[in-house]
Amino acid sequence: MNPSFQEQKLLIYNSLTRKKETFVPLKAPHIGMYVCGPTVYGDTHLGHARPFVTFDLVFRYLTLLGYKVRYVRNITDVGHLENDADEGEDKIAKKARVEALEPMEVVQFYTVQFHQMMDKLNVKRPSIEPHASGHIIEQIEMVKQILDKGFAYEAEGSVYFDVEKYNREHDYGVLSGRKIEDLISNTRELAGQSSKRNPFDFAIWKNAEPAHIMRWPSPWGNGFPGWHMECSAMGCKYLGDQFDIHGGGMDLLFPHHESEIAQSTIANGKAPVRYWMHNNMITINGQKMGKSLGNAMSLMDLFSGNHPLLEKAYSPMTIRFFILQAQYRSTLDFSNEALQAAEKGLKKLLTAAETLSKLTAKKDAQEQGVAKMMQSCFDAMNDDFNSPMVIAQLFDAVRLINSVQDGHSSLNQQELDQIKELFRIFVFEVLGLVSEESGAENDILDGLMQTIIQLRQEARARKDYATSDVIRDQLGALGIVLKDGKEGTSWEQK
RNA sequence: GGUCUCGUGGCCGAGUGGCUAGGCAGCGGUCUGCAAAACCGUGUACAGCGGUUCGAAUCCGCUCGAGACCUCCA
């Protein structure tokens with residue numbers, strides 16, 4: 001009973017207009033969505049988790065609504081400069097020299113790690129995951145087109161985009177709200193930029209210094225593509241001149257996405273993207289987390305608890321839930337307290353999901369408003385993917401489930417089926433949460449536990465509470481919690 | 001300096017003009033041999049000042065505070 005997009009009015013906040021707009025795809029039921037992927041030269045960190053979980057949510061929801069989504073998320077393995085001075089070198093090349101590795105070895109290592117981390121977070125793989133290094137030809141072609149149309153110029157083996165000329169006919173600043181006059185007064189003069197006509201012009205092809213390892217031949221000499229080319233070229237190649245959604249972190253809005261619009265508009269004759277979506281940052285003590293700020297926390301650190309700022313390890317699902325508890329356009333502040341709250345909340349939700357599978361219906365039970373909960377979840381998602389509202393609704397359902405379990409309420413068959421559907425759709429398909437139960441599937445362990453529980457049960461029957469409490473305490477020290485319920489004792493690993 | 005965003009109860013975080021967001025923590029109760037879990041109840045929250053309005057956390061102005069972008073960054 002999955003819903004169809006024809007029945008839903010989906011609102012998406014468009015960074016271009018700074019408003020929520022009704023989402024109308026170019027060619028329904030097909031949707032093209034491009035999201036800026038990671039630069040694979042370092043550990044995947046908490047900050048990376050946010051856009052990929054966010055757009056995973058978007059991908060999952062659009063798919064649920066029956067759209068055929070082609071989701072493209074690139075791997076940046078060339079092209080980003082250490083700084084934009086001419087002697088700047090490719091980040092990946094630099095790392096490679098430091099570690100005496102082949103650049104592609106570094107790329108491979110961190111790409112694999114990135115995939116592992118995303119898998120742990122239950123982030124679905126995109127439809128296409130193109131590498132920038134595999135699309136050098138396409139990028140060179142696009143540079144040629146821009147040159148042919150007269151919106152770029154060659155200087156000292158590099159090709160620069162002529163922002164001022166572009167701005168005469170188009171608006172360089174549509175997305176970021178910047179004005180070219182402000183850019184003139186605010187752009188820093190950096191050493192080695194003498195070959196640019198204007199400091200705010202950006203490279204679409206860079207000449208490679210002799211020491212630069214990552215280099216490709218081009219009509220302008222050996223070099224590598226400029227910062228923003230890969231997304232323009234690969235977006236166009238796989239999604240066409242114009243596609244529906246482009247996503248990424250807010251920090252990419254300027255200059256990355258602004259420049260992408262300019263390049264693509266010239267090369268293809270039309271604005272590339274209809275809906276621009278930007279997720280906000282994760283902050284740590286109120287400050288943006290970032291490698292350059294020295295407060296980055298890798299996902300491996302989080303999962304292992306091995307970091308000075310961490311009181312304990314947090315599971316991947318806890319991180320996912322933590323991210324989904326905030327709307328994607330808000331900043332999300334990290335703290336141990338907040339993560340521990342998320343951890344407990346998630347456990348409550350998933351325990352209820354398990355309880356739900358064992359509930360039985362009662363004939364003629366009163367209506368409990370399950371249909372309304374379902375509708376509220378759709379309303380929340382339709383309002384710019386408001387996952388915290390979905391979660392709030394789900395907790396109302398949790399209370400209902402637990403109260404049925406306790407015998408304080410009851411559900412008729414229809415509503416029981418509906419609430420199961422609610423969990424299937426929203427907890428598992430849309431929010432993408434999965435149970436992380438460990439140990440329970442181990443037959444030997446479970447057999448042992450049943451034996452122990454039975455022995456303790458006999459002690460309790462004799463009112464030998466000293467013995468029963470010793471058993472419980474010692475298991476507790478091993479991280480096993482016993483819960484005495486009406487229908488016997490259950491156990492779980494903490 | 002320029003552009004922009006934000007400031008919600010102990011913590012995280014929804015909410016854009018009138019109706020209990022939610023989670024975590026706390027407090028009281030039910031259940032339990034005791035716990036745990038669950039359930040029930042429980043909070044004079046909207047940075048400050050002024051304005052608009054019958055009515056503002058929500059709109060406008062000012063003040064204070066925080067952050068982002070302007071350089072690679074999710």
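Here is how names work: the chains are called A, B, and so on, in the same order as the sequence lines, proteins then strands, and each is numbered from 1. Just so we're clear, the structure is a prediction, and the values are computed from it rather than from any experiment.
- In this structure, D406(A) reaches the bases: a heavy-atom distance under 4.0 Å links it to at least one base atom across the strands shown.
- For the P atoms, the distance linking rG18(B) with rC69(B) amounts to 35 Å, nearest Å.
- Look at S330(A) and you'll find a side-chain N or O under 4.0 angstrom from OP1 or OP2 of rA14(B).
- Residues M234(A) and H131(A) approach most closely at SD-O, 3.7 Å, considering heavy atoms.
- Between the base of rC34(B) and the side chain of R472(A) there is a donor-acceptor pair shorter than 3.5 Å.
- Stems are defined here as 3 or more consecutive Watson-Crick or G-U wobble pairs with pairing distances under 3.5 Å; those involving RNA chain B are B:1-7 with B:64-70, B:10-12 with B:22-24, B:26-30 with B:38-42, B:47-51 with B:59-63.
- Among the protein residues, K348(A) comes within range of the sugar-phosphate backbone only, with heavy atoms under 4.0 Å from sugar or phosphate atoms but none that close to a base.
- Residue F395(A) is classed as a sugar-phosphate contact, given heavy-atom separations below 4.0 Å to backbone atoms only.
- Checking the phosphate oxygens (OP1, OP2) of rG15(B), a side-chain nitrogen or oxygen of N386(A) falls inside 4.0 Å.
- Residue I282(A) is in base contact, counting any heavy-atom pair closer than 4.0 Å across all strands shown.
- Note on L349(A): nothing from the nucleic acid sits closer than 4.0 angstrom, heavy atoms only.
- If you check every strand for non-hydrogen atoms under 4.0 Å, T331(A) touches sugar and phosphate atoms only.
- By the 5.5 Å and 30° criteria, F52(A) is not stacked with the base of rA74(B).
- Judged by the 6.0 Å distance and 45° axis criteria, R18(A) is not positioned over the aromatic ring of Y13(A).
- Taking the six-membered ring for Trp and thresholds of 30 and 60 degrees, F52(A) and F114(A) have ring planes more than 60 degrees apart, a perpendicular arrangement.
- Distances shown here put every side-chain N or O of K347(A) at or beyond 4.0 Å from the OP1 or OP2 atom of rC24(B).
- Heavy atoms of Q340(A) sit nowhere under 4.0 angstrom from any nucleic acid atom.
- Between W227(A) and F202(A), the two ring planes are tilted [angle within 30° to 60°].
- OP1 and OP2 of rC4(B) both lie 4.0 Å or more from every side-chain N or O belonging to S176(A).
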